[in-house]
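First the structure, in the form of structure tokens, and then the observations on it.
Throughout, protein chains are lettered first and strands after them, A, B, ... in sequence-line order, and every chain is numbered starting at 1. When reading the values below, keep in mind they use all heavy atoms of this one structure, side chains included, and skip hydrogens, waters and symmetry mates.
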Amino acid sequence: MISCFIDKACGGSLKYVVEHVSRLAEGLSLLERGEHDIVLLDLHLPDSRGMETLDKVRAKSPGIPVVVLTNDDQEEVGLDTIARGAQDFIGKGRIDPIRLRRAISFALERERLSRQMESVVEGSPDGMIVVDPGGVVRYANQAALALLGRPREQVLGSAFAFEAAPGKTTSHALSPAPGRELCVEMRVSEIDWKGAPARLAALRDVTETRKVEELRAEVRERLRVDQLKDQLLNTVAHELRSPLSVVKAIVATMHDGLSGPLNDDQAQFTATAMKHINRLTRLLNNFLDLARLESRSARVSRRPVDALGLIREVSEGIRLANRGRPIVFLYDLPASAPLVQVDADMIAQVLGNLLDNAMRYARARVLVRAACAEDAVEVSVVDDGPGIPPDKFADLFNKFVQLDRPRGGSGYKGTGLGLAISREIVTLNGGRISAENASGRGACFRFTLPLAAAARLQEVAHAKSNGGP
Amino acid sequence: MRNRTAVRKILVVEDERDLADPLVLRLNADGRFAAEAAYDGREGLRRALATPPDAALIDLDLPELDGWSLCRRLYENPHTRGTRVVVMTAWAGRDLLRRALAEGVAKILLKPFEEQEMLDALAGEPAAAEPASARREEP
């Protein structure tokens, strides 16, 4: 009779393929194929009776909607089947094609909607956990299981670890796997779960956000410390410079005979004092420069700079300052060079340091050379002095390293900081610095100045136009 | 045109007398300058307005009236606008240099400085812009 109704019921727009079995065992084996959209189930079958029949079908295929055909019109039996997961029920005595068709359509649609809702919750990136008033977990979505690091069967029915107070946001540490620490933010709301009050705990993984926040705090703290250091340096510099300037002004006044004529000894002593005051000044300036460079509080303002112009200007300055010495200044510079991206004042200091060194060690000649490489201009300063002893190469650019001073020098003593400063500056400007012994005799110091972006592009365009057909 | 052979009036404003006095001594010994010292900013301003100097050597850290304010007051007053202003300081820094240029300072001397540097700076032309050629003729 049912088949007959179904045939009639299916006469409309919906197309059905119906398979009919009269025993539960047969039905369950058919369900195994997973081809069915809906089950119309009589609770009383030869091999199964009552609610057990529904439970077995639900256990076999939890995703398939079931419409129960009850033996009678008893409401409570029908409602009981709904509570156990059936989508609908129809009393056999009241069955007719229209009702049946409607029941099938509704059951399919209800199942679809309930799956859709479930997939929303299940697929939420935040963990969702339903806790009953006794504190037992009744539901947990995939994200929640991932955060807890436990399978669903362990979580469901177990006690919830955190106090779930509605309206509050709380933070918790979770370790879903050994060595993996998560920071989770929990918000709780009150909901109705299967007809009873319950609490919904939403868990959000804020580990990364917290890390970013911590990192930000760290950066702020470092900036603060750097500022303090900078302030301290400036204060120390100021405190040292002020008395030094007084000493220098007074000794210079005496030395120059402005406060009365000096005898030979006095002239000699004041000259020596001046030499050491000047050395102390250089040392102070270098030391502060290096401290600023090392603490990275030195402001580097890199702009496109004409490297050759800078080299000529600095070299000429040094050459003129050493006019009295029998040293020949040689230049080996290209006719033109692309712009370099550097802090001109800083690079002038480096070149000045290297030229000063070269002047101190040179016998007869100092050579300044520049050459264009692919992405940089390379500058070399070569002298014809004794060269660098092999055992000094390793820590040549470290602080307070001084080579044996050339015999018969002018009495100018370095601070041992020039090369350390030079290395810091060149590195800050994106270049490299190195030293070697020149072929023949003498030392050669080399550093690179990276090309400005515009110059690099021009080079590329130039290479392309040259390489083109 | 200023008479280049005339002795230039210099006002040194420096609260550290131990520095101000030898500097004044040096300037007066040079022959090109007639220098006097003021030991705080307010006194410096009073003297400058009473007898406008050709050039002023001003420390930036001054009691009563700080160096920057003094520079500005000199520049704002028509009597002292032409005074060449050279500042000296024990505070190093690029910001300082930028500010000095913005304030119309002719030269900034970082303590301790070379005496020759100070003499050259004060011997320069006054603040009122003159042709570059005139500047090059300076002794």
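Within the model, atoms CG of Asp21(B) and OG of Ser259(A) stand 12.5 Å from one another, a figure rounded to the nearest 0.5 Å. In this structure, the separation between NE2 on His255(A) and CD on Glu115(B) is 10.0 Å, given to the nearest 0.5 Å. Taking NZ of Lys248(A) as the start and CD of Glu114(B) as the end, the distance is 3.5 Å to the nearest 0.5 Å. Between the CG atom of Leu109(B) and the OG atom of Ser245(A) there is a distance of 11.0 Å, given to the nearest 0.5 Å. The distance from atom NE2 of His238(A) to atom OG1 of Thr89(B), rounded to the nearest 0.5 Å, is 6.0 Å.
More than 12 non-hydrogen atoms from other residues, nucleotides or ligands lie less than 6.0 angstrom from CZ of Arg302(A). For Tyr331(A), the OH atom is densely surrounded, since the number of other residues' heavy atoms within 6.0 Å is greater than 12. Environment of CG in Asn263(A): crowded, with over 12 heavy atoms of neighbouring residues, nucleotides or ligands closer than 6.0 Å. Sparse packing is recorded around CZ of Phe269(A), with 12 or fewer heavy atoms of other residues, nucleotides or ligands lying under 6.0 Å away.
The contact between Asp61(B) and chain A is made entirely by side chain atoms (from C-beta outward), counting heavy-atom distances below 4.5 Å.
Counting all heavy atoms, side chain and backbone alike, Ser242(A) lies closest to Ala90(B) at OG-CB, 3.6 Å. In terms of heavy-atom proximity, Ala252(A) sits nearest to Arg26(B) at O-NH2, 3.1 Å.
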